S.K.: 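The structure under discussion is supplied below as structure tokens; questions concerning it will follow.
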2 protein chains.
Amino acid sequence: MQQSPPTRERILDAFQELIIESGERAATLGAVAERAGVSKGGLLYHFGSKEALIDGLMGRLKELVDADIALMRVDPTGPIDYFIRTSVSMEGQFDRCIVAAARLAQGAHPAARDGLRSAQAEWLNVITETVHDPAIARTIMLVGDGIYYNSSMGAGALTAQEMDDLVSTVHRLAATSAP
Amino acid sequence: MQQSPPTRERILDAFQELIIESGERAATLGAVAERAGVSKGGLLYHFGSKEALIDGLMGRLKELVDADIALMRVDPTGPIDYFIRTSVSMEGQFDRCIVAAARLAQGAHPAARDGLRSAQAEWLNVITETVHDPAIARTIMLVGDGIYYNSSMGAGALTAQEMDDLVSTVHRLAATSAP
DNA sequence: GTCTATAGATAGATAGAC
DNA sequence: GTCTATCTATCTATAGAC
């Protein structure tokens, strides 16, 4: 029998999805509460302010980033393949959480900005360990950032063919080296 | 003697800068009016609603994009060099307008989303004409998108050295071709 | 732990004087 | 073309019952 997630998680889910679907502005406490199936008062018992709600989502982000970095390091296809392919999906909790965080970061919420920045720093670390050339590593990071930029703008997902082309293009780039 | 720009332009400037500095949410009609040096009523004479204000900024964006595409086609260093180097600055009206539009697009404003999408389509056209390989062209576009993603997140500007490295890395990528 | 009721602040927009 | 005054709606947050 299916258990409904704890209220706290349902609230964070509702907040995250509302931000993705309709922007930060539409993610009011009332809308989040309704979507999570609680009253405003009930929501404010778990997160005492809107800032606390954002901090809650950033806590979730940090957990997911840590898990992702660990997976990236051990992926059999290598960190670059993993990085590009997982940047693109928008299907999992992780990507959805990142897109929501990106939108909050644009709304000038320092906690969201810092959370994403430290995630970027960790990814760049692993990529630099792999390709050694810092300029190439930074360029690959920019490709990943570009993918998130498009995701967060509601662009459609890449086809499987486009995805394969992109991965192989990035691999050729990684094999290149400055003269 | 310095002429102050017409009120309409001052209002658009104020709107744009407020969005960049503090996010869409802080760019209320009152805040925009104050920054532009008019009253709310004065603002609403020129732009009858917040949506009209957004449409006004999108009109400015379209003009700037058209001018940019024209420059990109005739730049002596070539379209790719021009595309990468100008994606990065955040100093000119054009980049600031794009970043503001990107933030509005994330707030689920369809007009902003459409304006940016058509700009991206035009850039991609020119790049594809230059490098011929569509997968490489798309990858270069993603690098440019990544730069804007970082700009709109308030990341610091690249150093001149990082910029040169990036441009040469992208050029090596452009020289690559699928087997 | 969750609810209702409500306070207090601020948003977008209108009306009409100048 | 610009202003002040004001209306209405909505948002965050608090208080207190259950």
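Chain naming here is simple, since letters A, B, ... match the order of the sequence lines and numbering starts at 1 in each. Not measured: the values here are computed from a predicted model.
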S.K.: Would you name the heavy atoms of A:Ala31 and A:Ala26 that are closest together and state the gap between them?
M.R.: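 Between these two residues, the closest heavy atoms are CB-O, 3.5 Å.
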S.K.: For the residue pair A:Ala174 and A:Ile136, what are the closest heavy atoms and their distance?
M.R.: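 Nearest pair, atom of A:Ala174 first, then A:Ile136: CA-CG2, 3.9 Å.
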S.K.: Shoot me the first and last contacting nucleotide of DNA chain C against chain A, ordered 5' to 3', at under 4.0 angstrom to non-hydrogen atoms.
M.R.: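 Under 4.0 Å from chain A, the extent on DNA chain C is C:dG1 to C:dG12.
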S.K.: Does a donor on one side chain sit under 3.5 Å from an acceptor on the other, for B:Asn125 and B:Glu129?
M.R.: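 On atom types as modelled, these side chains do not qualify, holding no pair under 3.5 Å.
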S.K.: Give every donor-acceptor pair under 3.5 Å between a side-chain atom in residues 15-22 of chain B and any protein atom, sequence neighbours left out.
M.R.:
{"unit_1": "B:Gln16", "atom_1": "OE1", "unit_2": "B:Arg60", "atom_2": "NH1", "d": "3.1"}
{"unit_1": "B:Gln16", "atom_1": "NE2", "unit_2": "B:Gln93", "atom_2": "OE1", "d": "3.0"}
{"unit_1": "B:Glu17", "atom_1": "OE1", "unit_2": "B:Arg96", "atom_2": "NE", "d": "3.0"}
{"unit_1": "B:Glu17", "atom_1": "OE1", "unit_2": "B:Arg96", "atom_2": "NH2", "d": "2.6"}
{"unit_1": "B:Glu17", "atom_1": "OE2", "unit_2": "B:Arg96", "atom_2": "NE", "d": "3.0"}
{"unit_1": "B:Glu21", "atom_1": "OE1", "unit_2": "B:Arg35", "atom_2": "NH1", "d": "3.1"}
{"unit_1": "B:Glu21", "atom_1": "OE2", "unit_2": "B:Arg35", "atom_2": "NH2", "d": "3.0"}

S.K.: Assess the side chains of B:His109 and B:Glu24: does a donor N or O sit below 3.5 Å from an acceptor N or O?
M.R.: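 There is such a pair (donor and acceptor under 3.5 Å, judged by atom type) between the side chains of B:His109 and B:Glu24.
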S.K.: Quick one: closest heavy-atom pair of B:Leu64 and B:Cys97, and the distance?
M.R.: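 Between these two residues, the closest heavy atoms are CD1-CB, 3.9 Å.
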S.K.: Pair B:Asp55, B:Lys62 - check salt bridge (Lys or Arg N to Asp or Glu O under 4.0 Å), show working.
M.R.: CA-CA 10 Å; B:Asp55 288 345; B:Lys62 183 166 171 31; over 6 Å; no
S.K.: Among residues 45-55 of chain A, which contact DNA chain D at a heavy-atom distance under 4.0 Å?
M.R.: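 Those residues are A:Ser49, A:Lys50.
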S.K.: Does any pair with a residue in residues 144-157 of chain A pass side chain to side chain donor-acceptor pair (under 3.5 Å), and if so which ones, sequence neighbours excluded?
M.R.: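 Passing the test, one end in residues 144-157 of chain A: A:Asp95-A:Tyr148, A:Gln120-A:Asp145, A:Asp145-B:Asn150, A:Asn150-B:Gln120, A:Asn150-B:Asp145, A:Ser152-B:Gln106.
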S.K.: Is a salt bridge present between B:Arg73 and B:Asp68, judged by a nitrogen-to-oxygen distance below 4.0 Å?
M.R.: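 No, this pair does not count.
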S.K.: List in chain and number order the residues that pass salt bridge (charged side-chain N to carboxylate O under 4.0 Å, His left out) with B:Glu34, two or more places apart in sequence or in another chain; answer none if no residue qualifies.
M.R.: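 Salt bridge (charged side-chain N to carboxylate O under 4.0 Å, His left out) check on B:Glu34 returns nothing, list empty.
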S.K.: Using a heavy-atom distance cut-off of less than 4.0 Å, which residues of residues 11-40 of chain A contact DNA chain C?
M.R.: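 Output list: A:Arg25, A:Val38, A:Ser39.
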